[in-house]
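These notes concern the structure reproduced below.
Computed from a predicted model, the values in this text were never measured in an experiment. Sequential numbering from 1 along the given sequence is applied to the chain's residues.
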Amino acid sequence: MKPITLELMTQYKYLSNLLNKDDKLMYTVTIADMENNGYLQSLHLLDPQTKEDQIILDNQKGLSVYPVGDKLLFREKSDSELIETKFSWLDTDGTKTDAFTLPLAVNDIQDLNDEYYLVKATIHKDCPDYYKSDEETKKAYHQEVKDNADYLILDEYPFFFNGAGFINGTRTALFLVNKNTLEVQRITEETMDAEATEIIGTKIYFTGNNYESMKTMFSSIYCYDVSTGDYQEIYHNEKVFLRRVLAVRDTLYVMAAFDTCISGMSFCVIQDGELVPVCKTEWMFHNSIGSDCRYGRTHQMLKHNGDVYFLNTVEESSNVIKFDGKNLTWITEGEGSVDDMAFIGDQLYVTAMKDMKLEEIYKAPEFEQLTYLNEEVLADRYVAKPERYTCFNVDEIAGFALKPINFDPEKKYPMILDIHGGPKTAYGAVFTHEMQMWASAGFFVIYCNPHCSDGKGDAFADYLKHYGATDYDDLMAFVDKALELYPQIDPERLGVTGGSYGGYMTNWIITHSDRFKGAVSQRSISNRVADFYYSDYSYDTTYENGIPLDNKAIELFWQRSPIKYVENAVTPTLFIQSTEDYRCPFPEAVQLFSALRWKGVETRICGFKGENHELSRSGKPLHRLRRLKEITDWLVKYTA
């Protein structure tokens, strides 16, 4: 069989935004545009009965459609120098007619009632009423922005966010837009950062964080009554982590975590100003199964017939689960990853990665395949089948091994340990391009879900206890078990890599072990004291050791910093880091790189300008190819 090659990923088709439109399935297909180092998208309409698949729009850049009632809004490109969002109505034959233009930087738009749209849009505190300003005021604001373009003023925290850049002074605001007059009304304060919304009758419920300069990790719940204009905070507790509000059969429920920000969600109702759990779980209710073969927006939650459906990860798979206001019921089961969902009538359809295939659309729950968009690209290719095995360290640790192409039990092979990010995510039996390419390049590839991973409950996932401790022992035990089960793996030719949390663990491994001959640390952390203050995810770590403002807390963070143990490092290490990664910022790689260079350990940084934390998943195609080539060449060099 032919191998999975580096460049094959440029031929994959990524599916997203599955919708019901006139009893057909509308969805977006994204492909790599190598000529322009970007992506092109097409809008498809699939008849699930006949399997006829029609392309409505083709060769689009940044395609965005919004279902509004029984119509579709299409977001047009705007060449205006002013802040505005232009929409067209989109018919199922691809015809577009002018709809309206709003003087807002729209993030989302939905039907509220017969009179209004509910709009989420970004505002700036320097001009929160931009949307209702006259043209002269708007031009003066833009001139001021232009005059100060060379200066970066920070007076808030957080001040940047991965994928969004510097966000100092910005807020997500809620607006009512009159459907007839297009009059725009902001219903949240200029300091309010609105989050999840829900509509019940005339009332808009939302979670949000109202702050002047320091955003906390504890949101509040607010209610705005469209009929009266009444607006009030209805819940706040600085010990409860709110994820979202949702309506189930016209009753308001709150998804909240009561222990830490990474604890499982409970479904609660508000009684006498307090949250009362109705259904407690240890799940997060989203798909956390990792792969580098997805692109675009999907539905992690969907409402149908009064009930709410979620994607949810348990063990090494993601499936659909229903909440009816009291109980949870699994709708789909089995190995793989359900990535998106939509209903036509009472029939559920999903986008999923099943049976080591790339994404396709299936009829659920039996997973009858309806599309074959990626069938040809993998035909006659060696797709290594994951062989599940377990080891034990405090708890059972499960993972997989991929055998190399043309496997010969009499030969010896190098091995790569691949560590997922998160840490509260999971690996499963799904197609991941980089792993398959390494198997085709002659490597054994192993990967597992150590403590801190998702899918096995709160105690297992509590990285506040396990980070850089139990999880390291898990990984080493998993490698030991692989050597026991597969004597064809050469213990003198081991490589290790991982990104984000996996990059942190790679850094931890090279400063605590010399068993790996080569390492590639991707979008990593090396100094947790420094990283706390310039990462956009610092809130997630405050409950672990507090805030590093005193010597005791600083020492606790330092104890979990790989660079503290750099004197032990001898492994040749490549660092992959993006200049606009604000989750694991560029200096985190530079610090450990510099220390290794001073020690005389072979090391190198391959930095990617203009990329962020999502490089391996949604970075520019040429950059993704270069990243994977750098990793592979390094590991081949040091495990040959």
Donor on one side chain, acceptor on other, [X] and [Y], under 3.5 Å:
X	Y	answer
His420	Ser453	yes
Lys363	Gln369	no
Ser219	Glu195	yes
Asn113	Thr202	no
Gln436	Arg381	no
Ser337	Ser318	no
Tyr27	Asp53	yes
Asn209	Ser220	no
Glu359	Thr351	no
Thr371	Glu360	yes
Ser42	His44	yes
Gln41	Thr30	yes
Thr332	Asn319	yes
His613	Ser500	yes

Minimum heavy-atom distance [X]-[Y], with the two atoms named:
X	Y	result
Gly619	Glu611	CA-OE1, 3.3 Å
Phe400	Pro386	CD2-CB, 3.5 Å
Val248	Val308	CG2-CG2, 3.6 Å
Ala173	Arg186	CB-CD, 3.9 Å
Ala105	Ile83	N-CG2, 3.6 Å
Lys620	Tyr39	C-OH, 4.3 Å

Verify whether the ring centers belonging to Tyr117 and Phe87 lie closer than 6.0 Å.
->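 Ring-ring flag for Tyr117/Phe87: false, centres at least 6.0 Å apart.
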Determine, using ring centers only, whether Phe161 and Phe166 are less than 6.0 Å apart.
-> no
Please confirm whether the backbone N or O of [Y] pairs with a side-chain atom of [X], one donor and one acceptor, at under 3.5 Å?
X	Y	answer
Thr329	Lys322	no
Thr95	Asp91	no
Asp340	His299	yes
Ser535	Tyr537	yes
Asn612	Ser578	no
Asp193	Thr172	yes
His304	Gly345	yes
Thr432	Glu434	no
Asp47	Glu52	no

Starting from the C-alpha separation in whole Å, work towards a yes-or-no answer on side-chain contact (heavy atoms from CB on, under 4.5 Å) for Leu25 and Leu19.
-> CA-CA 6 Å; Leu25 294 169; Leu19 302 168; over 6 Å; no
[X] with [Y]: basic N within carboxylate O range, under 4.0 Å:
X	Y	value
Arg244	Glu198	no
Asp581	Arg523	no
Asp339	Lys354	no
Arg249	Asp307	yes

Can you list the steps and then say if Leu15 with Thr28 is a side-chain contact (heavy atoms from CB on, under 4.5 Å)?
-> CA-CA 6 Å; Leu15 282 57; Thr28 300; over 6 Å; no
Would you check, one step at a time, whether the test side-chain hydrogen bond (donor to acceptor under 3.5 Å, both in side chains) holds for Ser78 with Glu84?
-> CA-CA 8 Å; Ser78 175; Glu84 65 176 30; 2.9 Å; yes
[atom1] of [X] to [atom2] of [Y]: how many Å apart, nearest 0.5 Å?
X	Y	atom1	atom2	answer
Ser317	Asn287	OG	CG	10.0 Å
Ile167	Tyr582	CD1	OH	11.0 Å
Leu246	Tyr253	CG	OH	9.0 Å
Asp454	Asn449	CG	CG	9.0 Å
Glu76	Leu90	CD	CG	9.0 Å

Checking side-chain contact (heavy atoms from CB on, under 4.5 Å) for the pair Leu46/Tyr349: CA distance, chi angles, key distance, verdict?
-> CA-CA 11 Å; Leu46 171 69; Tyr349 297 91; over 6 Å; no
Heavy atoms of other groups near [X] [atom1], more than 12 under 6.0 Å:
X	atom1	value
Lys629	NZ	no
Lys357	NZ	yes
Glu333	CD	no
Asp114	CG	no
Glu81	CD	no

Residues that Phe267 engages under ring pair (Phe, Tyr, Trp, His ring centres under 6.0 Å), provided they are two or more places apart = Phe285, Phe310, Phe323
Could you pull out all residues at least two apart from Trp89 that satisfy ring pair (Phe, Tyr, Trp, His ring centres under 6.0 Å)?
-> none
Which pairs, with at least one residue in residues 5-24 and sequence neighbours excluded, count as a side-chain hydrogen bond (donor to acceptor under 3.5 Å, both in side chains)?
-> Tyr12-His433
Residues two or more places apart in sequence or in another chain: which of them pass salt bridge (charged side-chain N to carboxylate O under 4.0 Å, His left out) with Arg617?
->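 With neighbours one apart ignored, the set is Glu614.
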Kindly write out the residues that satisfy side-chain hydrogen bond (donor to acceptor under 3.5 Å, both in side chains) with Asn37, not counting sequence neighbours, or none if the list is empty.
-> none
Relative to each other, are the rings of Tyr131 and Phe175 parallel, tilted or perpendicular (30° and 60° limits)?
-> perpendicular
Should the ring pair His623 and Phe608 be called parallel, tilted or perpendicular, given that the plane angle runs from 0 to 90° and is split at 30 and 60?
->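 It falls in the tilted class, 30° to 60°.
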Hey, can you pull the donor-acceptor pairs under 3.5 Å for the side chains in residues 54-64, sequence neighbours left out?
unit_1, atom_1, unit_2, atom_2, d
Gln60, NE2, Asp58, O, 3.2

